[in-house]
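Every number for a ligand or one of its atoms is a count from 1 in the order of the listing. Bear in mind that the values here come from a model prediction, so they are computed numbers and not experimental data. Numbers here simply count residues along the sequence, with the first being 1.
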Amino acid sequence: MINILRRKPADQSPRRLTLNILRHNPADPASVPQLQAYEIEEAEGMTLFIALNEIRATQDPSLQFDFVCRAGICGSCAMLIDGRPSLACRTLTRDLGKSITLAPLPFFELIGDLSVNTGKWMRGTSERLQTWIHNQTPISLNTLEERMEPELAEAIYELDRCIECGCCIAGCGTAQMREKFVGAVGLNKIARFRLDPRDNRSDDDFYELIGDDEGVFGCMSLLGCHDVCPKQLPLQTQIAYLRRKMAVIGFE
Ligand code: SF4
Ligand code: F3S
Ligand code: FES
């Protein structure tokens, strides 16, 4: 409904957009965080990816931001768009007002302007949660992979759709308060490996990884993660289910 209302009629001249971008270079001791305004003319079907590239090409080559796939797959373009964590490459300017404010995702190490180092945090969290298949069964070249029911493969694939964009962490109040909280992205990974029959770890093993305040018991059900996840992962259901399972183990 909102999109339809904001879509301009064919004969109307293009909108002038103002992008207010939070600029800061943490490597420069003289740099002070400040909003810098850039004006551009809106084009048909313009995304924030296109708008930012136009600004960098025609007005300010020093502007830092990240994009790789431009298709909502790599997760590198996540930023705060009018205060909400979102993917810039999947955001159409016509869905926003004429004045747009962009800031880097909070929580992650700032590289500069809109560019943050989500990869460093994601790698550290994956190592900490050991997000790979643990299987002690010896395999040889002749070992055949066991058949998996399509429904189960589908359920694992659903959780594997996470693109590690960091939006859920940026939208989570607990993560802003608890530096080591693994967040929805970490809990979703545990849910994914717990589901996988090729992973031999027991629930006790998973409890060791997330059975504390930095894991599933740190989550205060704020659900910002669920609201902002650009892949619409079922984070609310997964976290609630994991918490129930881990609580049972904690009481045993
Ligand atoms: Fe991004 Fe969703 Fe994965 Fe969080 S769970 S990192 S919001 S895709
Ligand atoms: Fe944070 Fe999501 Fe829990 S927003 S507190 S991880 S429900
Ligand atoms: Fe890859 Fe946006 S550029 S998700």
For Cys229, the ligand 1 atoms with a heavy-atom partner under 4.0 Å come out as 2 (Fe), 7 (S), 8 (S)
Does at least one non-hydrogen atom of Gly166 fall below 4.0 angstrom from an atom of ligand 1? yes
Ligand 3 atoms nearer than 4.0 angstrom to some heavy atom of Val68 are 3 (S)
Candidates Gly72, Cys165, Cys77; heavy atom nearest atom 2 (Fe) of ligand 3 found on Cys77
of all protein heavy atoms, closest to atom 3 (S) of ligand 3 is Arg70 N, 3.1 Å
Are side-chain heavy atoms of Ile169 and Trp121 found at a separation under 4.5 Å? yes
Filtering Ser221, Ala170, Gly218, Cys172 for the heavy atom nearest atom 1 (Fe) of ligand 2 leaves Cys172
Contact region, Thr174 to ligand 2, non-hydrogen atoms below 4.0 Å, reads side chain
Nearest non-hydrogen protein atom to atom 2 (Fe) of ligand 2, with distance, is Cys225 SG, 2.3 Å
- Task: Ignoring hydrogens and angles, state whether a donor on the side chain of Ser221 or Arg243 is under 3.5 Å from an acceptor on the partner side chain.
- Result: yes
Checklist entry - Should the pair Glu208-Arg201 be classified as a salt bridge under the 4.0 Å nitrogen-to-oxygen rule? => result no
For Cys69, the ligand 3 atoms with a heavy-atom partner under 4.0 Å come out as 1 (Fe), 3 (S), 4 (S)
Note: ligand 1 atoms sitting under 4.0 Å from heavy atoms of Glu164 are 3 (Fe), 6 (S)
Quick note on ligand 3: atoms under 4.0 Å from a heavy atom of Phe67 include exactly 3 (S)
* Look at the side chain of Asp205 and the backbone N and O of Ser202, then say whether any donor-acceptor pair between them is shorter than 3.5 Å. => yes
Residue, atom and distance of the protein heavy atom nearest atom 8 (S) of ligand 1 read Ile163 N, 3.5 Å
Ligand 1 atoms nearer than 4.0 angstrom to some heavy atom of Pro230 are 7 (S)
- Message: Within the structure provided, determine whether Pro106 and Gln176 are in side-chain contact (heavy-atom separation under 4.5 Å).
- Response: yes
Taking the side chain as C-beta and beyond, is there a heavy-atom pair between Asp82 and Ile100 under 4.5 Å?
yes
If we ignore angles and hydrogens, is there a donor and acceptor under 3.5 Å between the side chains of Arg23 and Ser62?
yes
Would you indicate whether the side-chain heavy atoms of His134 and Asp199 approach each other to under 4.5 Å? yes
* To do: For the residue pair Thr118 and Glu164, establish whether any side-chain heavy-atom pair is separated by less than 4.5 Å.
  => no
Original post:
Any non-hydrogen atom of Asn188 lying under 4.0 Å from ligand 1?
Top reply: no
protein heavy-atom neighbour closest to atom 3 (Fe) of ligand 2 works out as Cys219 SG, 2.3 Å
Ile73 heavy atoms within 4.0 Å reach ligand 3 at atoms 4 (S)
Q.
For Phe67 and Phe65, take the angle between the two ring planes, folded into 0 to 90°, and tell me which bin it lands in: parallel under 30, tilted 30 to 60, perpendicular over 60.
A. perpendicular
**Prompt:** Just checking, is any N or O donor in the side chain of Ser115 or Asp113 under 3.5 Å from an acceptor N or O on the other one?
**Reply:** no
Practice item. Measure the shortest side-chain to side-chain distance between Val182 and Ile190 over non-hydrogen atoms and say whether it is less than 4.5 angstrom. Key: no
Atom 4 (Fe) of ligand 1 has as its nearest protein heavy atom Cys168 SG, 2.4 Å
Would you check if Gln34 and His24 make a side-chain contact, meaning some heavy-atom pair closer than 4.5 Å? no
Does any non-hydrogen side-chain atom of Ile163 lie less than 4.5 Å from one of Lys231? yes
Any N/O/S atom, side chain or main chain, of Cys89 closer to atom 2 (Fe) of ligand 3 than 2.8 Å? yes
For Gly75, the atoms of ligand 3 under 4.0 Å from one of its heavy atoms are 1 (Fe), 4 (S)
min-distance protein heavy atom vs atom 1 (Fe) of ligand 1 -> Cys165 SG, 2.3 Å
Of all protein heavy atoms, the one nearest atom 3 (Fe) of ligand 1 is Cys162 SG, 2.4 Å
Is Glu214 paired with Lys180 through a side-chain N to carboxylate O contact shorter than 4.0 Å?
no
- prompt: Does Gly75 have a heavy atom less than 4.0 Å from any atom of ligand 1?
  reply: no
Going by the 4.0 angstrom heavy-atom rule, the piece of Ile163 near ligand 3 is neither
among protein heavy atoms, the one nearest atom 5 (S) of ligand 1 is Leu233 CD1, 3.6 Å
Quick note on ligand 3: atoms under 4.0 Å from a heavy atom of Cys74 include exactly 1 (Fe), 3 (S), 4 (S)
